[in-house]
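Here is the structure we will look at, set down as structure tokens.
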There are 2 protein chains.
Amino acid sequence: MSKPARSDGTVGKALEILDLVASLGRPVRFTELLEQSDHPKATLYRFLQTLTNQNMLSYDPDTQTYALGVRLVRLAHAAWAQSSLAPVARPFIDALAQETGETVHLAQMEGGQVLYVDKRNAANPVEMFSQAGKVGPGYCTGVGKAIMAFMPQDAQDRALSQQAYYAYTGNTLSSAERLRGELEEIRADGISYDREEHEPGIICIAAPILSGGRRVIGALSITTTTTRNSLDGLNTFRPALTKTAKAIGTEAANWQFPTQN
Amino acid sequence: MSKPARSDGTVGKALEILDLVASLGRPVRFTELLEQSDHPKATLYRFLQTLTNQNMLSYDPDTQTYALGVRLVRLAHAAWAQSSLAPVARPFIDALAQETGETVHLAQMEGGQVLYVDKRNAANPVEMFSQAGKVGPGYCTGVGKAIMAFMPQDAQDRALSQQAYYAYTGNTLSSAERLRGELEEIRADGISYDREEHEPGIICIAAPILSGGRRVIGALSITTTTTRNSLDGLNTFRPALTKTAKAIGTEAANWQFPTQN
DNA sequence: GATTTGGTTCCAAATATTGAAACCAAGTTT
DNA sequence: AAACTTGGTTTCAATATTTGGAACCAAATC
């Protein structure tokens with residue numbers, strides 16, 4: 001603690017409160033928030049008022065609780081649709097899932113965490129809103145490592161410092177040094193693996209998506225279980241995976257919004 | 001224009017900018033935003049900085065454009081998951097779609113507009129993130145009218161004044177007075193219809209969802225086309241629809257977050 | 001009837017926002 | 001090549017907002 005945490009004025013504080021509500025994962029009472037946030041009563045109260053007015057929060061008078069508001073859903077829909085990554089990648093992901101018969105993830109990174117923006121499961125063809133938007137740790141997932149490996153130095157340093165390095169399994173890379181070492185290899189190789197580092201029995205192979213072949217904007221992974229398949233088995237998907245990732249990267253770079261001049 | 005529009009201080013202005021970016025529907029240049037927003041250069045610049053810092057916007061250095069950021073997607077996921085409506089309604093919607101063989105929508109209202117939070121199509125079993133989050137007009141959709149009909153007076157008045165009353169079709173209710181009249185009937189009857197008021201050939205039957213039988217928190221609709229079915233045909237679904245809506249309403253009211261005491 | 005708990009309002013002091021204007025870097029035009 | 005755009009960033013004093021301690025209110029509890 002005691003991190004000044006570049007706090008971006010009033011707007012930053014308001015968003016912090018949204019995150020707080022989100023992190024609790026359920027509708028919350030005023031007092032509960034008061035305990036968590038270090039704002040005085042009056043201040044918190046006004047933020048809550050404002051955010052509720054703005055439909056960023058909703059207030060349920062029956063239970064006297066605050067929850068995240070519908071405006072977020074609307075904005076997120078727009079975000080998804082106007083991103084150059086997710087909509088562009090969609091058909092490619094479909095194809096890859098089809099071809100491999102395994103689960104495919106598309107992820108971006110936010111604040112050191114991995115954010116899954118799309119997912120395709122060979123079994124049920126389309127995944128649902130309630131799935132996209134999930135977050136996961138960066139340091140022990142295939143997509144997280146793939147993205148970090150290709151970040152510019154300063155961003156990578158920041159990301160490395162934001163990891164928790166909790167050892168989920170015996171294979172988890174549990175220090176910044178070890179992770180940094182692996183990132184170098186990944187950068188050289190162009191591929192990352194999750195060797196049961198996050199969950200026992202779950203393995204994956206991932207590749208970064210480089211916009212125009214240069215700037216990393218996300219990652220693509222093929223996930224399976226050790227009972228279904230193996231790392232060697234995943235390796236047979238490598239050509240398809242890298243080809244798809246590259247295709248998405250060029251497509252995303254070229255994706256100019258329709259109204260260009 | 002010239003509407004003071006209860007502007008909730010700095011936070012409100014920042015969110016206004018997010019909406020602006022969202023409304024343009026594609027990545028936008030600084031100057032473009034400058035023209036649209038009535039902020040001076042320096043002010044807009046700082047807002048953009050802040051929002052980008054906060055991952056509410058993303059900046060693409062290649063194209064020099066701003067787009068909505070990934071943090072929104074993460075927050076929206078949480079919003080969806082912690083809402084007492086959408087997750088609770090899910091299995092009911094599945095069942096209703098199954099039973100009727102028609103398309104089922106679940107909607108809430110935000111700022112006079114209808115926001116679709118879930119959708120189930122008999123044909124493709126699950127609908128996708130890119131679909132949930134869409135918005136539509138309130139005054140000429142079944143769900144919109146169902147929700148407004150059951151709002152408390154002051155909220156209804158506000159909603160009525162927020163409608164555009166553009167006549168999409170010959171059947172569109174194109175004035176607040178006519179709409180108000182219909183809302184009364186809907187309130188008495190407990191059911192609303194869309195009689196090709198928004199799109200020719202598209203009809204629907206909708207029912208409000210009342211939390212604990214009192215407070216309206218959304219609406220449920222069964223949609224079809226005039227070629228597939230008819231208003232009379234839709235009416236045969238009425239019992240199933242109202243039963244489902246009522247079931248969701250009680251369930252949502254009882255839905256106390258797990259960690260209760 | 002007194003006391004606690006949960007929420008809302010007041011107001012002066014502290015702080016953040018504001019925007020005109022200056023500035024800078026790249027491209028264009030002349 | 002000099003002058004002039006266009007697009008973006010920074011400065012700084014004036015101004016408007018936010019801040020939070022404390023008072024206040026209502027409802028539930030002792």
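Numbers restart at 1 for each chain; the letters A, B, ... are given by sequence-line order, proteins then strands.
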| task | Write down the atom of A/Ala206, the atom of A/Val143, and the distance for their closest heavy-atom approach. | result | CB-N, 3.7 Å

| Contacts of A/Asp60 that satisfy side chain to side chain contact (heavy atoms under 4.5 Å, CB included) - sequence neighbours left out | A/Asp62, A/Thr63, A/Thr65, B/Arg215

| said: The criterion is side chain to side chain contact (heavy atoms under 4.5 Å, CB included); which residues satisfy it with A/Lys41, sequence neighbours excluded? | reply: A/Phe30, A/Leu34

| remark: Nearest heavy-atom approach of A/Ala76 to B/Val73 is CB-CA, 4.1 Å

| query | Which two nucleotides bound the region of DNA chain D that has atoms under 4.0 Å from heavy atoms of chain B, read 5' to 3'? | reply | D/dG7 to D/dT18

| note | Nucleotide by nucleotide, nucleotides 14-26 of chain C touches protein heavy atoms under 4.0 Å in the pattern (B base, S sugar-phosphate only, - none) --SSBBB------

| field | Intermediate values then yes/no, side-chain contact (heavy atoms from CB on, under 4.5 Å), A/Leu72 and A/Met56 | value | CA-CA 6 Å; A/Leu72 282 169; A/Met56 297 296 279; 3.6 Å; yes

| Which angle, rounded to 10°, do you find between the first-five-pair axis and the last-five-pair axis of the helix from C/dG1-D/dC30 to C/dT30-D/dA1? | 20°

| request: Could you name each residue pair satisfying side chain to side chain donor-acceptor pair (under 3.5 Å) that touches residues 43-52 of chain A, not counting sequence neighbours? | output: A/Tyr45-A/Gln49

| Looking only at side chains, do A/Arg71 and A/Gln54 share a donor and an acceptor under 3.5 Å apart? | yes

| task | Dump the intermediate steps for side-chain contact (heavy atoms from CB on, under 4.5 Å) on B/Lys145 and B/Leu179, then the final yes or no. | result | CA-CA 8 Å; B/Lys145 294 192 292 183; B/Leu179 179 54; 4.1 Å; yes

| query | Is any side-chain N of the basic residue among B/Glu32 and B/Arg26 closer than 4.0 Å to the acidic one's carboxylate O? | reply | yes

| For the student: nearest non-hydrogen atoms of B/Leu68 and B/Leu18, plus distance | CD2-O, 3.7 Å

